[in-house]
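Let me begin by presenting the structure, written as structure tokens, before commenting on it.
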Amino acid sequence: MTGITALAIHLPRLRLQRAAMAAAMGWLCPRGETRGARTLADWDEDPITMAVAAARACLAQAERNGVPEARTAVRALTFATTTPVFAEPQQAALVHAALRLPEATRTQDVGGTMRCGLLALHAALESSEPALLTAADMPLNTPGGTAEMRYADGGVSALVGCGPDLLTYRGGASLSAPFIERYRAPDRPLATDWEERWVREEGFLDLVPRAIAEALGKAQLSAADVDHFVLPCVIPGAAKAVAQAAGLSRAKLAQPLDLECGDTGAAHALVMLARAMEDMRPGERVLVAQFGQGATALVLEATDAISAFPAAASAVLADGIAEANYLKLPIFRGLMPWERGLRGRFPVNEALTTAYRNAEALLGFVGSRSPETGQVQFPPSRLAVAETGLFAETQQPWPLADLGGTVATATADRLAFSRSPPNCYGLVDIPGGARLMMDFTDPDAERLSPGDAVRFVFRIKDLDERTGFRRYFWKAVAAPAPSAAA
């Protein structure tokens, strides 16, 4: 039997306070629940960058757990989202390049329903090949509505069949039904949700228990054998009602994380699972289900390795920065026009031929290193740099994304155009001697100063709002303190 080797989540650090959202829009659209916060992706984050961040954490987790060959073992990569960045090209190919996975890896995009992430996991668990699943979403809802408060941004990644399992797969079922509770046309950015009571009674309480019963049958288990139950649902009380209807009387309901981060759409079933795994013991069984044009239910059993599963999900949930400015949401999502000034009125041109020829450097952040001197360079070059000048020498490809660096110079520029002023950038020294100009990002970018340690993240570099194209590259963010990273 195959299973989950590693599981990691990524959440944007900005946490938009629901009380601030109500204060901004409550005069027009009175709201109910205003407790807690929802995650808010920065302007340079999207489902692709969040998927890359989660997958990097997942692969690093596998390597720490004694699976150093995890990256090279992957043979299938699936990217799941209901909020795709592109209709074309394939987004999984960009995730693949950023992760530097083997060229022979099969890539695919899936979507269309919020259970697409769990459906992709179901397919991977039923397959015999090592696979990496990434799911990320940025559900966009009508300003002022309840759904805008409930849904949030985030990503998750699971490694399947690549080594010792944390969770062994016991059985699963996926049922399909033309039940439409949420819809969005291809040319419309905002989704429309249907009436909650109907979705709860005719959808969740009908389809999910049936999927659970079939999954338990395939696992040759009864409802009483389940110790934990994971079911994302933005409708209050629905998960508990489904558990009762399915006979999961002794199963512990997983935390919905609605107050900490909100519902992250296609990623949320596995985001909740990652948090629940921190409380699991060897031999315990968890049933993970999700609704959406049918229902999927998977039964997993914890192995002895679960005892060493890190509390990384809790750390990510806690690593948030409170945001009280509601206007960042519509502006970052392109729902509100704003004055950009003269410096903001410029086209973004992308030479696709050059981008492809340099994809390993631009997407994979791969430089070059001299085997003779150990000198690292970026961009990569066939010419080695030495004190005596330049000379021809065979250079080794040298991945930089996981090395981190040190700030040499830092600037917070309030004159240059930025979608989230100030525009922060500076020179960064990378181990081996490379020094390059990089953008700084994240809410605390302005605080970076010479001597600070940084790590590198995959982000949006430029947006072309005329065509919808976007360029990606790597940026620097403050590295966690050694005690926090341990």
Side-chain angles (χ1 to χ4, degrees), residues 44-46 48-57 59-60 71-72 74 77 79 85-86 89-105 107 132 134 348-386 390-409 424-441 454-464 469-477 479:
D44 61 351
E45 296 180 278
D46 65 14
I48 290 177
T49 68
M50 291 190 293
V52 169
R56 291 179 69 199
L59 291 170
R71 188 186 303 268
T72 57
V74 172
L77 169 67
F79 173 64
V85 174
F86 298 111
Q90 186 193 64
Q91 292 148 109
L94 299 175
V95 176
H96 169 274
L99 297 176
R100 307 188 313 277
L101 297 179
E103 186 179 36
T105 303
T107 58
L132 182 65
T134 59
V348 177
N349 296 313
E350 176 71 354
L352 297 179
T353 50
T354 301
Y356 175 67
R357 292 188 182 110
N358 296 281
E360 187 176 44
L362 297 176
L363 298 178
F365 203 20
V366 176
S368 59
R369 179 182 179 274
S370 167
E372 295 294 328
T373 67
Q375 176 69 39
V376 175
Q377 299 173 216
F378 190 90
S381 172
R382 289 178 295 176
L383 298 177
V385 178
L390 301 175
F391 58 96
E393 183 186 275
T394 302
Q395 299 282 289
Q396 301 171 324
W398 202 251
L400 306 178
D402 298 328
L403 295 183
T406 305
V407 175
T409 66
C424 299
Y425 53 88
L427 291 172
V428 175
D429 290 328
I430 297 176
R435 169 176 283 190
L436 63 151
M437 182 72 72
M438 300 192 75
D439 289 325
F440 302 158
T441 189
V454 294
R455 61 185 178 89
F456 303 128
V457 294
F458 189 70
R459 294 290 177 90
I460 299 169
K461 174 68 174 175
D462 289 309
L463 294 169
D464 188 338
F469 191 80
R470 55 187 67 187
R471 291 194 296 141
Y472 296 91
F473 189 54
W474 296 78
K475 298 182 181 181
V477 301

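Predicted model, so just to flag it, every value in this text is computed and none were measured. Positions are given from 1, in the same order as the sequence printed here.
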How would you list, by chain and number, every residue that makes a side-chain hydrogen bond (donor to acceptor under 3.5 Å, both in side chains) with R470, sequence neighbours excluded?
-> D46
Taking all atoms of both residues into account, what is the closest heavy-atom pair of A401 and G364, and its distance?
-> CB-O, 4.5 Å
Please examine the side chains of F458 and V95, heavy atoms only from C-beta on, and report whether any two atoms are closer than 4.5 Å.
-> no
Listed partners of P102 passing side-chain contact (heavy atoms from CB on, under 4.5 Å), at least two apart = R75, T105
Residues, nucleotides or ligands: over 12 heavy atoms within 6.0 Å of W398 CH2 | no
Sequence neighbours excluded - side-chain hydrogen bond (donor to acceptor under 3.5 Å, both in side chains) pairs with any residue from residues 400-409 = R56-D402
Minimum-distance pair of heavy atoms, taken over all atoms of S368 and S381 | OG-N, 3.2 Å
To the nearest 0.5 Å, tell me how far I460 CD1 sits from F473 CZ.
-> 15.0 Å
Just by modelled atom types, is the F365 backbone N or O under 3.5 Å from a matching donor or acceptor in the R100 side chain?
-> no
How many angstroms lie between CZ in R369 and CD in Q377, if you round to the nearest 0.5 Å?
-> 11.5 Å
Would a 4.5 Å heavy-atom cut-off, applied to side chains only, mark V376 and L400 as touching?
-> yes
Listed partners of T441 passing side-chain hydrogen bond (donor to acceptor under 3.5 Å, both in side chains), at least two apart = D44, R459
Spatial distance of atom CG (L132) from atom CZ (R71) [nearest 0.5 Å] = 9.5 Å
Polar side-chain atom of Q91 near backbone of I48 as donor-acceptor pair, under 3.5 Å = no
Could you tell me which residues satisfy side-chain hydrogen bond (donor to acceptor under 3.5 Å, both in side chains) with E360, sequence neighbours excluded, listed by chain and number?
-> none
Would you check if the side chain of Q90 reaches a backbone N or O of T107 as a donor-acceptor pair within less than 3.5 Å?
-> yes
Flag the pair Y472 / V52 as yes when at least one side-chain heavy-atom distance between them is below 4.5 Å, and no otherwise.
-> no
Between CG of L362 and CH2 of W474, what distance do you get to the nearest 0.5 Å?
-> 12.0 Å
Please report the shortest heavy-atom distance between A55 and T134, naming the atom on each side.
-> CB-CG2, 3.7 Å
Which atom of A361 lies closest to which atom of P380, heavy atoms considered = CB-CD, 3.8 Å
Value for CD (Q396) from CD (E372), rounded to nearest 0.5 Å, stands at 9.5 Å
Can you find a heavy atom in the side chain of T49 that is under 4.5 Å from one in the side chain of V457?
-> no
Measure the shortest side-chain to side-chain distance between V428 and F440 over non-hydrogen atoms and say whether it is less than 4.5 angstrom.
-> yes
R435: what forms a side-chain hydrogen bond (donor to acceptor under 3.5 Å, both in side chains) with it, not counting sequence neighbours?
-> D429
